[in-house]
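Report on the structure given below.
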Amino acid sequence: MLDAKLIRANAALVEQRLEKRNLTGVLKPFLLLDEERRKILVQVEERKNFRNNSSQHIGKMKKQGLNPSDLMEEVRQAGQQIKVLDEELARVEKEIEKILLNIPNLPHESVPLGEDEKSNQEVRRWGEPRQFDFEPKAHWDIGPELDILDFERAAKLSGARFTVYKGAGARLERAIINFFLDIHCGQHGYREILPPFMVVADCMVGTGQLPKFAEDMFKLEGKDMYLIPTAEVPLTNLYREEILEIKDLPLYLTAYTPCFRAEAGSHGRDTRGVIRQHQFNKVELVKLCEPQNSYEELEKLTQDAERVLQLLGLPYRVVVLSTGDMGFSSAKTYDIEVWMPGYQDYREISSCSNCEDFQARRANIRYRPDPKAKLQYVHTLNGSGVAIGRTVAAILENYQQADGSVVIPEVLRPYMGGLEKINRPEA
RNA sequence: GGAGAGAUGGCCGAGAUGGCUGAAGGCGCUCGCCUGCUAAGCGAGUAGACGGCUAAUAACUGUCUCGAGGGUUCGAAUCCCUCUCUCUCCGCCA
């Protein structure tokens, strides 16, 4: 959520920055309602002031044995007026909130301008795509051939966009989760959290999924609760409505969770393999920090995510998303894209964002910079560290051998009971 | 699921019979004083949101907030209703 005061004071500037996200004219309705709100507020506060003073006066008169019935009648009428004005005010405020909750974050000035992902800019590359002396297969062929991924039975259980992991595949998924958590907690200073996978609607508003993106999520029937689309939601909302101590900042949090996404509007995209699923596993990184450090923290967070790919020996590149491709809550986002031989292309495996105070304002997460200072919103950051299913896919494709087997990256072998290679089952 | 108790400021905790309580007292914290150091002591200060007036994020000032929402009343932290959460006991259960 943007700061209403900022919009009011710098409407033209804010409008300009929103235009970079290809939005125009979104501020006008806000400004009109905002003015109306203050007009009503002044009136109703005057009436309340009268009521407060008069009520005290009535008390005193009664004590002195005087008859306050005239004044009581006047206050009663004031009460009627207050009721009407309050209702009007509530209506206007609700509309204002609706508008504000649907305006995305302002892009940081370093973000490239553009309409879509074509304007994203590559920042750096790591690793060389392997040269194959045979035609590399896609993971949706490798997995079933090794009998470790089963898309057909998954469809029987749950329909499209689900995967069953079997045997070494299931263990590989679990190994990666543990490996990522161990690296981030043991070497990058994050604290492991195991949060609920269902959260109340307030959390979804806090991180920006609601009210605008309701159709992207799974909602529980008859409850005001949702399956989390990412651990960013419970991790960031851990501190919703709280005032943090400066000595606790920055907070580095990580969690493994499954993620649930309706994938509405992506029909026909990535229908094969594990790339786009209704349920997938992810290790997420979240930071809460002081505003002046958030961009430095974004760089570090992105590097933390890159590091696990380096350890796995998976080539990748980092791109900075253009203003047209960024998420709703983000001010700046780096995507990490891993090399996928089956696609002969880089595919997103992590997205690292600085949301500045956008989520903190929605979720009301504040801190006091020093004992005398006013409360301030923290900055929130999040990034995948990284997506597990896509990591499995990348390993299968990058480590596949001519005989159809897949070599396990060395760092994962301790997590796989020493297994070095997944072989095809005997025919 | 059944029975009962509770929800007050950063924390703990007062707040019969509704009015001068935005909230006593304590702790914590900040600043100052004092003490040769430490400990103790003394004094002052210490919620937030949204407005008005302003050049001002200064001063002054108004409104709202005692779990949330609604009601009664001239007036509610205090009375009534609904909901949420916490605790205790019972039941059920991985």
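Quantities reported herein were computed from a predicted structural model and do not represent experimental measurements. The figures that follow rest on heavy atoms only: side chains count, while hydrogens, waters and symmetry mates do not.
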(request) Would you name the heavy atoms of Cys352(A) and Thr302(A) that are closest together and state the gap between them? (result) CB-OG1, 3.6 Å

(message) Checking one value: the base orientation of A16(B), syn if chi is within 90 degrees of 0, otherwise anti.
(response) syn

(request) Scan Arg361(A) against the nucleic acid and name what it touches under 4.0 Å (heavy atoms): base, sugar-phosphate only, or nothing. (result) nothing

(message) With a 3.5 Å limit on both atom pairs, tell me what C31(B) is paired to, counting Watson-Crick and G-U wobble, or say none.
(response) G43(B)

(request) Between G75(B) and G13(B), how far apart are the P atoms? Round to whole Å, please. (result) 33 Å

(message) Distance check, P atoms only: U72(B) and A16(B), in whole angstrom units.
(response) 24 Å

(message) Under 4.0 Å, heavy atoms only, any strand: does Arg47(A) hit a base, just the sugar-phosphate, or nothing?
(response) nothing

(request) Return the nucleotide paired to U78(B): Watson-Crick means purine N1 to pyrimidine N3 with N6-O4 or O6-N4, wobble means G-U with N1-O2 and O6-N3, both under 3.5 Å. (result) none

(message) Pick the closest RNA chain B nucleotide for Lys48(A) and for Leu41(A) by heavy atoms, then say which residue is nearer the 5' end.
(response) Leu41(A)

(message) When both hydrogen-bonding distances must be under 3.5 Å and the geometry is Watson-Crick or G-U wobble, what is G48(B) paired with, if anything?
(response) C64(B)

(message) Going by purine N1 to pyrimidine N3 plus the second Watson-Crick contact, or the G-U wobble pair, all under 3.5 Å, which nucleotide sits opposite G6(B)?
(response) C85(B)

(request) Quick one: label Ile243(A) by what it contacts on the DNA or RNA (base, sugar-phosphate, nothing), any heavy atom closer than 4.0 Å. (result) nothing

(message) For a 4.0 angstrom threshold against heavy atoms of chain A, report the outermost contacting nucleotides of RNA chain B in 5' to 3' order.
(response) G19(B) to G75(B)

(message) Can you confirm whether more than 12 heavy atoms, excluding those of Arg424(A), are under 6.0 Å from its CZ atom?
(response) yes

(message) What's the gap between G25(B) and C81(B) when it is taken at their P atoms, as a whole Å value?
(response) 34 Å

(message) Need one value for Lys62(A): base, sugar-phosphate or nothing, where a base atom within 4.0 Å counts as base even if backbone is also close, heavy atoms only.
(response) base

(message) Taking the ring centre of each residue, are His278(A) and Phe162(A) less than 6.0 Å apart?
(response) yes

(message) Does Lys5(A) reach a base, just sugar-phosphate, or nothing at all? Heavy atoms under 4.0 Å.
(response) sugar-phosphate

(message) Using the rule side chain to side chain contact (heavy atoms under 4.5 Å, CB included), only one of Val392(A), Leu396(A), Ile142(A) pairs with Ile148(A); which is it?
(response) Leu396(A)

(message) Rounded to the nearest 0.5 Å, what separates atom CD in Glu284(A) from atom CZ in Phe180(A)?
(response) 12.5 Å

(request) Look through every strand shown and name the nucleotide pairing with G22(B) as Watson-Crick or G-U wobble, where both distances are under 3.5 Å. (result) none

(request) Could you give the distance separating C20(B) and C12(B) at their P atoms, to the nearest angstrom? (result) 26 Å

(request) Both distances under 3.5 Å, Watson-Crick or G-U wobble: report the partner of G1(B), or none. (result) C90(B)

(message) Using Watson-Crick or G-U wobble geometry with both distances under 3.5 Å, which nucleotide pairs with C53(B)?
(response) none

(message) Between Tyr252(A) and Glu297(A), do the side chains contain a donor N or O and an acceptor N or O under 3.5 Å apart?
(response) yes

(request) Write down the distance separating the P atoms in A14(B) and G71(B), rounded off to the nearest Å. (result) 31 Å

(message) Please compare Glu46(A) and Lys374(A) by the position of their nearest nucleotide in RNA chain B and report the one closer to 5'.
(response) Lys374(A)

(message) I'd like to know whether NZ of Lys28(A) has more than 12 heavy-atom contacts from other residues, nucleotides or ligands below 6.0 angstrom.
(response) no

(request) Check the angle between the aromatic planes of Tyr256(A) and Phe197(A) and answer parallel, tilted or perpendicular using the 30° and 60° thresholds. (result) perpendicular

(request) Can you tell me, in whole Å, how much space there is between the C1' of U17(B) and that of A59(B)? (result) 42 Å

(message) Only pairs with both distances under 3.5 Å count, Watson-Crick or wobble alike; so what is the partner of C37(B) in this structure?
(response) none

(request) For nucleotides A55(B) and G32(B), find the distance between their P atoms and express it as a whole number of Å. (result) 34 Å

(request) Give a yes or no on this: more than 12 heavy atoms of other residues, nucleotides or ligands lie within 6.0 Å of atom CD of Glu97(A). (result) no

(message) Roughly how many Å apart are G22(B) and G9(B), using the C1' atom of each and rounding to a whole number?
(response) 9 Å

